[in-house]
Amino acid sequence: MKVDVQEIKSFQRKIREFYRQHGRELPFRLIDDPYAVTVSEIMLQQTQVDRVLPKYRAWLKKYPTWKKLSLASNKSILASWSGLGYNRRALYLKSIAEIIIEKYHGVMPSDIKELKQLPGIGEYTSHAILIFAFNKRLATVDTNIRKALLSEFNLPPDTSDSEIQELAQLVLPKTKIRQWHYALMDFAKTLPKEIHLIYKNKYKQSKFDGSIRQIRGEIIRQLTTQPFITHKDIAKITKRTETDIAQAVSDLQKDKIIIIKEDKIYLQK
DNA sequence: ATCCCGTTGA
DNA sequence: TCAACGGGAT
């Protein structure tokens with residue numbers, strides 16, 4: 001991957017100018033507290049900003065620190081998460097809080113390897129935390145930034161993640177790394193979707209109505225208002241087949257979201 | 001009906 | 001490498 005120095009400079013100017021005129025001011029762009037940054041980044045995984053905003057504010061009010069979060073019940077956490085989807089993320093966040101309190105004595109590590117060990121934190125989020133909370137000069141690539149780089153440098157849609165990461169590092173400015181990433185993300189939003197992602201139906205999801213997912217959601221919703229539930233209760237509420245319910249329960253169990261004791265279904269822990 | 005979009009585990 | 005995970009606005 002080689003890119004002309006002048007090309008990099010002009011790209012940087014273009015992105016910076018775009019940000020000066022069209023950059024979004026978002027609450028999680030005004031803070032660098034590692035806890036708040038982590039909460040925002042995990043909420044923002046697979047989830048639009050507009051959906052995250054009210055939940056993010058409410059979450060920080062209710063659980064303002066790692067310590068407070070580590071002491072919260074799963075029931076309370078899942079209730080706060082309701083509406084965001086991918087409920088595993090809420091439990092990941094609580095696990096992270098427990099690890100930070102117990103293993104790191106309340107201080108989030110700033111080492112990439114340590115960060116990636118934490119549940120729910122992968123390639124993108126570990127880098128994002130280092131950039132937004134620890135002010136590191138590092139690049140991170142989400143699908144929007146990927147789209148911006150492919151488009152700007154005329155790269156083929158099948159360019160590998162490692163190549164994109166390398167390019168992102170190459171075009172990284174010397175300073176204001178946080179703003180650079182905000183700018184890239186905002187700029188990328190204005191670009192058309194990647195054709196091959198549409199072609200591969202990457203955004204396609206199976207119908208919600210009648211899905212196992214629908215039952216999963218209902219079970220979790222019920223468990224945020226009562227201590228346990230049975231297969232029979234679920235059948236009555238959802239009017240779904242025993243097979244579908246068994247599947248949903250088994251999936252939730254595998255995801256460590258629920259546990260079963262004497263035919264009763266409880267939230268984990 | 002379509003759209004958004006990172007991590008995990010097999 | 002790839003399926004599974006999610007719900008609400010439009």
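Order of the sequence lines fixes the chain letters, A, B, ..., with proteins taken first and strands second; residue numbering starts at 1 for each chain.
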> NA contact type, A/Tyr124, heavy-atom cut-off 4.0 Å: base, sugar-phosphate, or nothing?
Replying inline: sugar-phosphate
> B/dG6 P sits how many Å from A/Leu93 CG, rounded?
Replying inline: 17 Å
> Touch check for A/Glu123, heavy atoms < 4.0 angstrom, all strands: base, sugar-phosphate only, or nothing?
Replying inline: sugar-phosphate
>> Measure CG/A/Asp255 against C1'/B/dT8 and give the value in whole Å, please.
In response: 9 Å
> Applying salt bridge (charged side-chain N to carboxylate O under 4.0 Å, His left out), which residue pairs with at least one partner in residues 100-119 of chain A are found, sequence neighbours left out?
Replying inline: A/Lys116-A/Glu123
> To the nearest angstrom, how far is A/Arg89 atom CZ from B/dC5 atom C1'?
Replying inline: 10 Å
> Where the side chain of A/Gln48 is defined as all heavy atoms beyond and including C-beta, which of C/dG6, B/dC4, B/dG6 is the nearest nucleotide?
Replying inline: B/dC4
> Out of curiosity, does A/Leu93 fall in the hydrophobic cluster containing A/Tyr86 (side-chain heavy atoms, cut-off under 4.5 Å, transitive links)?
Replying inline: no
> When the distance from CG of A/Leu53 to P of C/dG8 is rounded to whole Å, what number comes out?
Replying inline: 16 Å
> Does a nitrogen or oxygen in the side chain of A/Asn144 sit under 4.0 Å from OP1 or OP2 of B/dC5?
Replying inline: yes
>> Taking CD in A/Glu25 as the centre, count heavy atoms belonging to other residues, nucleotides or ligands within less than 6.0 Å. Is the count above 12?
In response: no
> Which value, in whole Å, describes the distance between the P atoms of nucleotides C/dC2 and B/dC5?
Replying inline: 22 Å
> Any side-chain N or O of A/Arg88 under 4.0 Å from OP1/OP2 of B/dT7?
Replying inline: no
>> Expected output check: what is the dot-bracket annotation of DNA chain B, where ( ) and [ ] are pairs inside the strand (brackets for crossing ones), | is paired with another strand, and pairs are Watson-Crick or G-U under 3.5 Å?
In response: ||||.|||||
> A/Leu71, A/Trp59: one ILVMFWY side-chain cluster at the under-4.5 Å cut-off?
Replying inline: no
> Base, sugar-phosphate, or nothing for A/Ile121, non-hydrogen atoms under 4.0 angstrom?
Replying inline: sugar-phosphate
>> Base, sugar-phosphate or nothing for A/Leu118? Non-hydrogen atoms, less than 4.0 Å.
In response: sugar-phosphate
>> Determine whether a donor-acceptor pair (N or O, by modelled atom type, separation under 3.5 Å) exists between the side chain of A/Glu218 and the backbone of A/Thr238.
In response: no
> Between C/dG6 atom P and A/Ile212 atom CD1, what is the distance in whole Å?
Replying inline: 12 Å
>> Does a side-chain N or O of A/Thr125 approach OP1 or OP2 of B/dT7 to a distance below 4.0 Å, or not?
In response: yes
>> Expressed as a whole number of angstroms, how long is the span from A/Leu252:CG to B/dG9:P?
In response: 15 Å
> For the side chain of A/Gln46, counting heavy atoms from C-beta on, which of B/dC4, B/dT8, C/dG6 is nearest?
Replying inline: C/dG6
>> Assuming nearest nucleotide by heavy-atom distance, tell me which of A/Lys116 and A/Thr47 is located more 5' along DNA chain B.
In response: A/Thr47
> What's the CG-P distance between A/Asp50 and C/dG8, to the nearest Å?
Replying inline: 14 Å
> Starting at CH2 of A/Trp81 and ending at C1' of C/dG7, how long is that distance when rounded to a whole Å?
Replying inline: 13 Å
> Going by atom types alone, do A/Arg89 and A/Thr47 pair a side-chain donor with an acceptor below 3.5 Å?
Replying inline: yes
>> Using a heavy-atom cut-off of 4.0 Å across all strands, would you classify A/Asp251 as base, sugar-phosphate, or nothing?
In response: sugar-phosphate
> Using atom C1' of each nucleotide, how far apart are C/dG8 and B/dT7 to the nearest Å?
Replying inline: 22 Å
>> Heavy-atom nearest nucleotide on DNA chain B for A/Lys207 versus A/Arg51: which residue maps closer to 5'?
In response: A/Lys207
> Under 4.0 Å: is that the gap between some side-chain N or O of A/Arg216 and OP1 or OP2 of C/dG6?
Replying inline: yes
>> So for atom CG, which belongs to A/Asp263, do other residues, nucleotides or ligands contribute more than 12 heavy atoms lying within a distance under 6.0 Å?
In response: no
> Do we get A/Lys68 above A/Tyr63's six-membered ring, with its NZ or CZ under 6.0 Å from the centre and within 45° of the axis?
Replying inline: no
> Other than A/Leu267, what residues sit in its cluster of Ile, Leu, Val, Met, Phe, Trp and Tyr side chains whose heavy atoms are under 4.5 Å apart, directly or through others?
Replying inline: A/Leu78, A/Leu91, A/Ile215, A/Ile219, A/Ile220, A/Leu223, A/Ile229, A/Ile234, A/Ile237, A/Ile245, A/Val249, A/Leu252, A/Ile257, A/Ile258, A/Ile260, A/Ile265
> For B/dC5, does either OP1 or OP2 sit under 4.0 Å from a side-chain N or O belonging to A/Lys189?
Replying inline: yes
